> 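First the structure, then my questions, so here it is.
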Amino acid sequence: MSSDINTRKDISSQNDQGARAIRVVVAGPDGRMGQVMVEGLPKHDGIEIVGQLRRADREQRSELLREADVMVEFTGPESAPELLFEALKARTRPVSGSSGIAESVLVEADRMAREYEIGGIWAPNFSMSSNVMMHAVAMIAKYFSTVEIIEAHHETKADAPSGTAVRLAEIARAAHEADLKEANVRHEILPGTRGGSLGGVHVHSLRLPGDVGWHDVVLAAPDGFVTIRHEDSGSREIYVPAVANAVRKVMQPDVIGLLRGYGSIIGLTS
Ligand SMILES: NC(=O)c1ccc[n+]([C@@H]2O[C@H](COP(=O)([O-])OP(=O)(O)OC[C@H]3O[C@@H](n4cnc5c(N)ncnc54)[C@H](OP(=O)(O)O)[C@@H]3O)[C@@H](O)[C@H]2O)c1
């Protein structure tokens, strides 16, 4: 480990206790989430934005990262892996909100963070209420034989299903410790009508005009069913306090490795 890097980052950690602000670089500052972070994070005590990292800044990327204690990253699953690895190499703690990052990337990022003895977090959903929904599904899914998920987002969303829907399906499957039993639809008149399946949990994506964002988890048993619905407030600003929380969390000296999910910060298991 370069002693130069080590010294600067350690000083910054000490300053987190008092005098100096945590220095943040925002990757993807012109994106929908990035813009909100650039605008909102400096309003939180002890956080300052010291850099903005755009795709075109390839040459200056490692220098920009070295100047910061934390990289806040909302660029998407294709760009995020390289940014995560480069931030960690610069000993800059990642706070990553990109959905759909591959498991192998997260495992490697965790390994690197442990090697460099720094923290980081990947949270595909920084909304407290949706993390509570995931926690609820983790607790009750085992009581139901069938789980299906319906999600709706704006028509310009590039990926389907949402990262949150995938996570909900994983959670329901994990709660069962086996794939769920799927209904036997022998004749699917329109191909794809039953949606995608993850571990026997069927996921259906709606793409609609407007700033829509909701998830329904339908849990069914022979004696009835329960639906849990989470609806976004429609505002991206609501994510800023949670990201500020995460920025502070990853600066704590006892946080080593890559935390998974915003729930891990607020005391929820999923
Ligand atoms: N965790 C959460 O709570 C949460 C909430 C909302 C969204 N998200 C996720 O956050 C991600 C971004 O969402 P968004 O709606 O903000 O997307 P967006 O509006 O498309 O913004 C992405 C931005 O990242 C930039 N970018 C891409 N690759 C880059 C790179 N290598 N270096 C620097 N900048 C780069 C893009 O620039 P170009 O124009 O040059 O491509 C764009 O400005 C998605 O994965 C989304 O699912 C997470």
Side-chain angles (χ1 to χ4, degrees), residues 27-28 31-37 72-81 84 95-106 121-138 140-141 146-175 180 192-219 226-240 242-243 246 259-266 268-270:
R32 283 167 288 214
M33 287 296 282
Q35 285 180 41
V36 169
M37 293 303 144
V72 168
E73 179 279 312
F74 288 87
T75 63
E78 283 164 20
S79 297
L84 275 174
V95 171
S96 171
S98 290
S99 54
I101 299 182
E103 178 64 21
S104 58
V105 170
L106 299 172
I121 183 167
W122 173 66
N125 199 323
F126 274 102
S127 135
M128 181 277 295
S129 50
S130 72
N131 277 275
V132 168
M133 172 183 64
M134 291 189 235
H135 187 68
V137 171
I140 67 171
T146 303
V147 180
E148 301 221 3
I149 296 164
I150 309 160
E151 58 98 348
H153 284 89
H154 54 91
E155 62 194 342
T156 56
K157 185 171 171 59
D159 52 330
S162 69
T164 301
V166 170
R167 186 72 196 119
L168 284 164
E170 288 170 351
I171 289 168
R173 198 256 167 226
L180 282 84
T193 307
R194 292 283 299 130
S197 169
L198 193 161
V201 178
H202 279 247
V203 182
H204 313 268
S205 294
L206 279 55
R207 291 293 173 263
L208 307 168
D211 213 359
V212 60
W214 53 259
H215 292 83
D216 276 357
V217 182
V218 183
L219 304 111
V226 168
T227 301
I228 302 177
R229 165 169 277 222
H230 175 265
E231 247 176 270
D232 288 346
S233 71
S235 149
R236 290 189 178 84
E237 281 72 22
I238 58 104
Y239 295 110
V240 178
V243 174
L259 300 172
R260 299 271 194 114
Y262 186 56
S264 66
I265 293 188
I266 55 175
L268 301 173
T269 50
S270 295

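The residues of the chain are indexed from 1 along the displayed sequence. This one's a predicted model, so the numbers in the text were calculated from it and none came from an experiment.
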> Take Glu151 and Arg207 through the test side chain to side chain contact (heavy atoms under 4.5 Å, CB included) and record every step on the way to the result.
CA-CA 9 Å; Glu151 58 98 348; Arg207 291 293 173 263; 2.8 Å; yes
> Could you tell me if Ser130 and His215 have a donor-acceptor pair between their side chains, going purely by distance under 3.5 Å?
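Note: His215 and Ser130 side chains miss the donor-acceptor criterion.
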> Let me confirm one number: the CD1-CE distance from Ile265 to Met128, rounded to the nearest 0.5 Å.
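Result: 14.0 Å between the selected atoms.
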> Measure across Ile101 and Ser96 and return the closest heavy-atom pair with its distance rounded to 0.1 Å.
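It is CD1-OG, 3.6 Å.
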> Of all the heavy-atom pairs spanning Met133 and Val217, show the shortest one and how long it is.
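Heavy-atom minimum between the residues: SD-CG2, 4.4 Å.
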> Considering only heavy atoms from C-beta outward, does the side chain of Ser99 approach that of Thr164 to under 4.5 Å?
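Result no, sub-4.5 Å side-chain heavy-atom pair not found.
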> Looking at every heavy atom in both Val203 and Ala169, which two are closest together, and how far apart are they?
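Scanning both residues completely, I find the closest heavy atoms to be CG2-CB, 4.3 Å.
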> Does any non-hydrogen side-chain atom of Glu155 lie less than 4.5 Å from one of Val212?
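They are not in side-chain contact.
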> Should the pair Glu170-Arg167 be classified as a salt bridge under the 4.0 Å nitrogen-to-oxygen rule?
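A salt bridge links Glu170 with Arg167.
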> Shortest non-hydrogen contact from Ala141 to Ala172?
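Minimum heavy-atom separation between Ala141 and Ala172: CB-CA, 4.0 Å.
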> Between OG1 of Thr227 and CD1 of Ile150, what distance do you get to the nearest 0.5 Å?
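Here the interatomic distance stands at 8.0 Å.
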> So Ile140 and Ile228, side chain to side chain contact (heavy atoms under 4.5 Å, CB included) or not? Walk me through it.
CA-CA 11 Å; Ile140 67 171; Ile228 302 177; 3.9 Å; yes
> Distance from Ser127 atom OG to Met134 atom CE, nearest 0.5 Å?
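CE of Met134 is found 7.5 Å from OG of Ser127.
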> Quick one, Phe74 and Val243 - any side-chain contact, counting heavy atoms below 4.5 Å?
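Side-chain contact under 4.5 Å: yes.
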> Minimum heavy-atom separation for Ser98 to Glu73, with atom names?
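Distance-wise, the nearest heavy atoms are OG-OE2, 2.6 Å.
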> Backbone N or O of Gly261 within a donor-acceptor pair of the Ser264 side chain at under 3.5 Å?
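Yes; at least one donor-acceptor contact below 3.5 Å.
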> Nearest heavy-atom pair of Gly195 and His202: which atoms, and what distance?
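Of all heavy-atom pairs spanning Gly195 and His202, the closest is O-ND1, 4.3 Å.
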> State, with a plain yes or no, whether a side-chain heavy atom of Val137 is found less than 4.5 Å away from one of Val147.
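Sidechains of Val147 and Val137: no contact.
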> Does CD belonging to Glu78 count more than 12 external heavy atoms closer than 6.0 Å?
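Counting other residues, nucleotides and ligands, CD of Glu78 stays at 12 neighbours or fewer.
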> Does some side-chain heavy atom of Val240 sit less than 4.5 Å from a side-chain heavy atom of Phe126?
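When only atoms from C-beta onward are counted, Val240 and Phe126 do not touch, as no gap falls below 4.5 Å.
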> Within this structure, what is the NE2-CG distance for the pair His230 and Asn125, rounded to the nearest 0.5 Å?
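Here the rounded value is 7.0 Å.
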> Rounded to the nearest 0.5 Å, what separates atom CG in Asp232 from atom OH in Tyr239?
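With rounding to 0.5 Å, CG (Asp232) is 4.5 Å from OH (Tyr239).
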> To the nearest 0.5 Å, how far apart are CE in Met37 and CZ in Arg32?
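Answer rounded to 0.5 Å: 13.5 Å.
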